[in-house]
Amino acid sequence: PFFVALIARFALGETITRTRAAGLVIGFSGVLLVVFSDPGNIAHGSRLAIGFVLALLGALGWAGGGLGMRVLTQREPGLDIPGHTAAQFLAGGVPLIPLALLAGGTTDWARTTLDLQLAYLVLGGQVLVYLGFNAALSQWPSTRVYAWTFLVPAVAVVIEAFQGQLPGFAATTGVALVILGVAIVNHPRAERRRVEQAPHS
């Protein structure tokens, strides 16, 4: 979301209110608290530097892809979002088919449970999520949409809690901060300045 805020400011002319900026900082603080509450998540030495660089590159690529979609929907209001999303999946998935066939491995593709898990991951975790994400980008400011990605580690902690692995104080506080931050980013006050300035632009 921070990369998105910076790039969208120059590429799309999207301004960010203080309320939304505060929400982003609070939400990100919660993410950090959740991650660092588990000592096993903390890398050391060269692994930390490599992981940090790769994470930043991945975040930059993720920001660029979503902002590209935002630009397309602004230029073409009637853009076929489902069709465009399907094209993205084809462009990213088809080149991986030979790799999957040649990789070998010991996966038992005949297992029914595996088929159900793959169906859930593909339909729920990919198709529906990306359709909703791209549709949201066509309607809302980029930083508002990307702020929802802060909820990923918070949801993971909640799922673990339902499975019997209750989080500690730090992780619980982190989840609360994430939820608070996302709520602030999506609060109507975060849109006030943009709405008020619209008649003058």
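Positions are given from 1 along the sequence.
- Counting heavy-atom neighbours within 6.0 Å of Trp148 CH2, excluding the residue itself, gives a total of 12 or less.
- Contact of the Leu12 side chain with the Leu67 side chain is registered, since non-hydrogen atoms from C-beta on lie closer than 4.5 Å.
- The shortest side-chain heavy-atom distance between Ile81 and Met69 falls under the 4.5 Å cut-off.
- Remark: Ser142 pairs with Glu14 by the side-chain hydrogen bond (donor to acceptor under 3.5 Å, both in side chains) rule, at least two apart or across chains.
- Contact of the Leu128 side chain with the Leu123 side chain is not registered, since no non-hydrogen atoms from C-beta on lie closer than 4.5 Å.
- Val4 and Leu56 end up in the same hydrophobic cluster when Ile, Leu, Val, Met, Phe, Trp and Tyr side chains are linked at under 4.5 Å.
- The heavy-atom pair separating Pro82 from Leu131 by the smallest distance is CA-CD2, 3.5 Å.
- Shown here is Gln126, whose CD atom has more than 12 heavy atoms of other residues, nucleotides or ligands within 6.0 Å.
- The shortest non-hydrogen separation linking Ala147 to Leu24 is CB-CD2, 3.9 Å.
- Between Val178 and Val31, the shortest heavy-atom contact is CG2-N, 3.5 Å.
- With a 4.5 Å cut-off on side-chain heavy atoms, Ser29 and Val25 count as touching.
- In terms of heavy-atom proximity, Gly66 sits nearest to Leu137 at O-CD1, 3.3 Å.
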Yes or no on side chain to side chain contact (heavy atoms under 4.5 Å, CB included) for Arg9 and Ile16, after CA distance, side-chain angles and deciding distance? CA-CA 8 Å; Arg9 178 68 182 88; Ile16 182 170; over 6 Å; no
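- Hydrophobic clustering keeps Leu180 apart from Val175 (ILVMFWY residues linked when any side-chain heavy atoms are closer than 4.5 Å, directly or through intermediates).
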Please report the C-alpha distance between Arg20 and His187 in whole Å, then the side-chain angles of each, then the deciding distance to 0.1 Å, and finally whether the side chain to side chain contact (heavy atoms under 4.5 Å, CB included) criterion is met. CA-CA 8 Å; Arg20 179 155 290 156; His187 193 278; over 6 Å; no
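- Both Ile179 and Val34 are assigned to one and the same hydrophobic cluster, defined by single-linkage of ILVMFWY side chains at heavy-atom distances under 4.5 Å.
- Counting non-hydrogen atoms of neighbouring residues, nucleotides and ligands closer than 6.0 angstrom, the CZ atom of Phe52 reaches no more than 12 such neighbours.
- Residues that satisfy the side chain to side chain contact (heavy atoms under 4.5 Å, CB included) test with Gln117, not counting sequence neighbours, are Leu114.
- Considering only heavy atoms from C-beta on, Leu60 comes within 4.5 Å of Ile7 through its side chain.
- Between Phe150 and Phe2, the closest heavy-atom pair is CZ-CE1, 4.3 Å.
- Taking the ring centroids of Phe89 and Tyr130, they lie under the 6.0 Å cut-off.
- Checked against the 6.0 Å centroid criterion, the rings of Phe133 and Trp140 do not qualify as a close aromatic pair.
- Closest approach of Pro167 and Ala171 over heavy atoms only: CB-CB, 3.8 Å.
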